[in-house]
Amino acid sequence: MENLVQLTYFGTAALFILGLRRMSSPNTARSGVQWAGVAMVVATLVTFLTPGMGNYGLMILALLIGTVAAWISAKRVKMTDMPQMVAIYNGMGGGAAGAIAAVELLKGDFDSTGLKALAVLGALIGSVSFSGSLVAFAKLQGLISTRPIQFPNQKIFNMALLAATVALGLVLLPTNFGLFILLFFAAALAFGVLLTLPIGGGDMPVVISLFNAFTGLAVGFEGFAIGNAALIVAGTVVGAAGTLLTLLMAKAMNRSLWSVLVGGFGVEQDQGEVKGSLKPIDLEDAAVMLAYAQKVIVVPGYGMAVAQAQHKLREVADALEKRDIKVEYAIHPVAGRMPGHMNVLLAEAGVEYDKLYDLEDINPEFPQADVAIVIGANDVVNPAAHRKGSPLYGMPILDVDKAKNAIVIKRGQGKGFAGVENELFYADNTRMLYGDAQGVLGQLVQSLKKL
Amino acid sequence: MDSTWAALYIFLLAAFTGYEVISRVPVILHTPLMSGSNFIHGIVLVGAMVVLGHADTPLEQFIGFLGVILGAANAAGGYAVTERMLEMFERKPAKPALSAEGQKSKAEAQTQDAKR
C-alpha cells in the first residue's frame, strides 16, 4: 500500500511539472492546469490509503468544507477580483503549511534537529504568507485602505519583531514547550500583518507573488519535516518559479523587491510643477476624432477592469475596424493589478492576442498613431517617469504623449495608485473624456454608428 | 548518503526545474501562471491529511482539521480560479476563418515572445 501511495505521489510530481510547462503556451495552458488537476485529485484520494491513519471522519468533513466553500466562491467571483482570490487561496496554503508544522512541533518527534529546523522555518514562512495574504486580500477587496499604513519607527519595530520570531524559533529547536510554540506562531502571524500593512495597493501584485513563492517554500520545507516527496518537489518548484515571477514583476515596475517591502510608496513625495490644464472633450467630438483616424492605439488599465468595459471596448474596436482603421492594443507589463491582467480580460472579450503588443513593440508605433485612447490607465502612461526626481522616475511607460492625439477616458480627476499628478493629462494634444469606462465606450459605439 | 541529503538534492533539482519552466512563459500568461502555481502548492492538502490522520490529542486534531480545510481550499479555489482564467484563452469557435498557416505563424510569434 505504501508503495502505491509513493508511486502516485511520484506521478503527481511529474504531472505538476509537465502541467506548469504546458501553461507556457496559450494553446496548451488549459490542458496544463487540467493535467495538474487530475494529479491533485488522484493524490488526494490515494492519501486515504496511507497505512496507520485515523480520524477519517474529521478528514472527510474538513475536505468537504474547504473544497465546497472555495469552489463556490471561486466560481462566483468577478474576473476583476481574481487577484485577491489568488491572494486568499495562497494564504490558506501557507496556513495549511503552518498547521502541519504546529502539529509536528506539538508531537515533537523529529528524526533530526535539522528536520525540526526546516519545520520551524516552514512554519515561519507559511504563517507570514498566511496573515500577509489576508491583509493583501483585505486591501484589494477594499476592506481596509489601499494607502500605505504607517506609524513611527515602523521599520525598526518590524525588524525587532522578526528577530524575536527567529529567536523564539531557535528556542523551539532544543525544547518542546507549548507556550513557546504558541508565542512563536503569534509573533510570525503578527509579522506577516505588519509587513504587509505599509505596502501600497500598487505594489500588491508583487507582494502576492512573493507570498505565493513563500507558501511554495513553506510547503517544500514541511515536506521535508513529514518526509513527503510530493510536497518537497511541488513546493520547491513553486517556490523557485514564484521567486522568479516576483523579480520579473518588480523589474517591470522598476521597483526593487527591497523598496516594495520597505513600503510607503507614494507618500510625501515632491509633486513637481505640472503645466497646462485639463481639457475635456464631449462624446461626439471624440467619436469624430476616432472615425477619421487611420491608426488607433488602445491603452487599457485598471479602470477598464473595474468598469468591466472590455466587451464595450471590443465593440468600439470592431466599429473602427469596419472603417478600415487599424486598431492595436498596448499592454503595459503591470497594467491592471497583475502582469497579464489586461490580456486575460481582453481575451475574455474575444480580442485576438496578436493585436496585443508589449511595451517595447508598441512604443515606436505611438508617433504614427493618430489617436491613442487611454482607458482607466494612469501611472503607466505618465511621462513624469522620464523626469529625474519624480517618484515614478525610471519606470518604463507607454509613450502615449508621443501620439498625435490622446483621448483619456477617466472616471474623475483622481490620481493613480502612485499618487502622482499625471503630466500626460495636461498635455496640449490630450483630451479628457470623463465617465465610467463602460458607459462612455457604449455611447461611443452609438456615436460611431451614426457617423 | 542518508535520506536527508537525498532530499536536499531533490530540493536543488526541483528549484532549478521551477526556474527553468517559468522562464519560458510569455508575459500574457503571467497572471494565470501565478494562479496555476498557487494551485500546485495546494498539494499541501496531502500533507495536512497525513498529519490529521496521525493526530492523537484533541488539540492536534483541531489544528490538523483546520489544516485540511485550508489545504483543500487552496487546492480547490486555486484550480477553479486558474481554470476560469485559462478558459478565456481557448480559441473561439466563432473564428474558423483562421487558416492553419495563420495558426502556425501565430504560434511562431509566441515562441519568439517567449524567447525575449
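Computed from a predicted structure; not experimentally measured. Numbered from 1 within each chain, the chains take letters A, B, ... in sequence-line order.
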Separation of [Y] [atom2] from [X] [atom1] (nearest 0.5 Å):
{"X": "A:Asn90", "Y": "B:Asn38", "atom1": "CG", "atom2": "CG", "answer": "5.0 Å"}
{"X": "A:Leu245", "Y": "B:Thr31", "atom1": "CG", "atom2": "OG1", "answer": "8.5 Å"}
{"X": "B:Ile69", "Y": "A:Ile65", "atom1": "CD1", "atom2": "CD1", "answer": "4.0 Å"}
{"X": "B:Glu20", "Y": "A:Leu20", "atom1": "CD", "atom2": "CG", "answer": "13.0 Å"}
{"X": "B:Tyr79", "Y": "A:Trp71", "atom1": "OH", "atom2": "CH2", "answer": "6.0 Å"}

Ignoring hydrogens, what is the shortest heavy-atom contact between [X] and [Y]? Give both atom names and the distance.
{"X": "B:Asn74", "Y": "A:Gly93", "value": "OD1-CA, 3.0 Å"}
{"X": "A:Ser209", "Y": "B:Met34", "value": "CB-CE, 3.6 Å"}
{"X": "B:Gly77", "Y": "A:Ala74", "value": "O-CB, 4.0 Å"}
{"X": "B:Ala15", "Y": "A:Ala240", "value": "O-CB, 3.0 Å"}
{"X": "B:His41", "Y": "A:Thr215", "value": "CE1-CG2, 3.3 Å"}
{"X": "A:Val103", "Y": "B:Glu60", "value": "CG2-O, 3.7 Å"}

Using non-hydrogen atoms only, which part of [X] is less than 4.5 Å away from chain B: side chain, backbone, both, or neither?
{"X": "A:Phe211", "value": "neither"}
{"X": "A:Ile72", "value": "neither"}
{"X": "A:Ala43", "value": "both"}
{"X": "A:Val77", "value": "both"}
{"X": "A:Met59", "value": "both"}
{"X": "A:Gln34", "value": "both"}
{"X": "A:Asn228", "value": "side chain"}
{"X": "A:Thr12", "value": "side chain"}
{"X": "A:Arg76", "value": "backbone"}

Of the listed residues ([options]), which shares the most heavy-atom pairs with chain A below a 4.5 Å separation?
{"options": "B:Ala75, B:Gly71, B:Ser37, B:Gly64", "answer": "B:Ser37"}
{"options": "B:Val51, B:Ile40, B:Ile10, B:Val50", "answer": "B:Ile40"}
{"options": "B:Asp56, B:Ile43, B:Leu66", "answer": "B:Ile43"}
{"options": "B:Gly78, B:Gly47, B:Gly42", "answer": "B:Gly47"}
{"options": "B:Leu33, B:Thr57, B:Leu12, B:Val81", "answer": "B:Val81"}

Just so I know, are the side chains of [X] and [Y] near enough to count as touching, which here means a heavy-atom distance under 4.5 Å?
{"X": "A:Val86", "Y": "B:Thr82", "result": "no"}
{"X": "B:Phe65", "Y": "A:Leu61", "result": "yes"}
{"X": "A:Glu348", "Y": "B:Met85", "result": "no"}
{"X": "B:Met49", "Y": "A:Leu63", "result": "yes"}

Passing candidate, side-chain contact (heavy atoms from CB on, under 4.5 Å) with B:Val46, options A:Thr50, A:Thr47, A:Ile226: A:Thr47

Taking every non-hydrogen pair under 4.5 Å, which of [options] racks up the most with chain B?
{"options": "A:Ala234, A:Gly54, A:Gly227", "result": "A:Gly54"}
{"options": "A:Glu104, A:Met85, A:Glu222, A:Lys75", "result": "A:Lys75"}
{"options": "A:Ala102, A:Gly52, A:Gly242, A:Ala229", "result": "A:Gly52"}
{"options": "A:Ala13, A:Ala70, A:Gly32, A:Ala39", "result": "A:Ala70"}

Check: B:Phe11 ring centre within less than 6.0 Å of A:Phe224 ring centre: yes

Near [X] [atom1], under 6.0 Å, is it more than 12 heavy atoms from other residues, nucleotides or ligands?
{"X": "A:Phe10", "atom1": "CZ", "result": "no"}
{"X": "B:Phe62", "atom1": "CZ", "result": "no"}
{"X": "B:Phe16", "atom1": "CZ", "result": "no"}

Evaluation steps, side chain to side chain contact (heavy atoms under 4.5 Å, CB included), between B:Ile63 and A:Leu106: CA-CA 10 Å; B:Ile63 299 173; A:Leu106 283 171; 3.7 Å; yes

Trace of the side-chain hydrogen bond (donor to acceptor under 3.5 Å, both in side chains) decision for B:His54 with A:Asn55: CA-CA 8 Å; B:His54 292 118; A:Asn55 297 327; over 6 Å; no

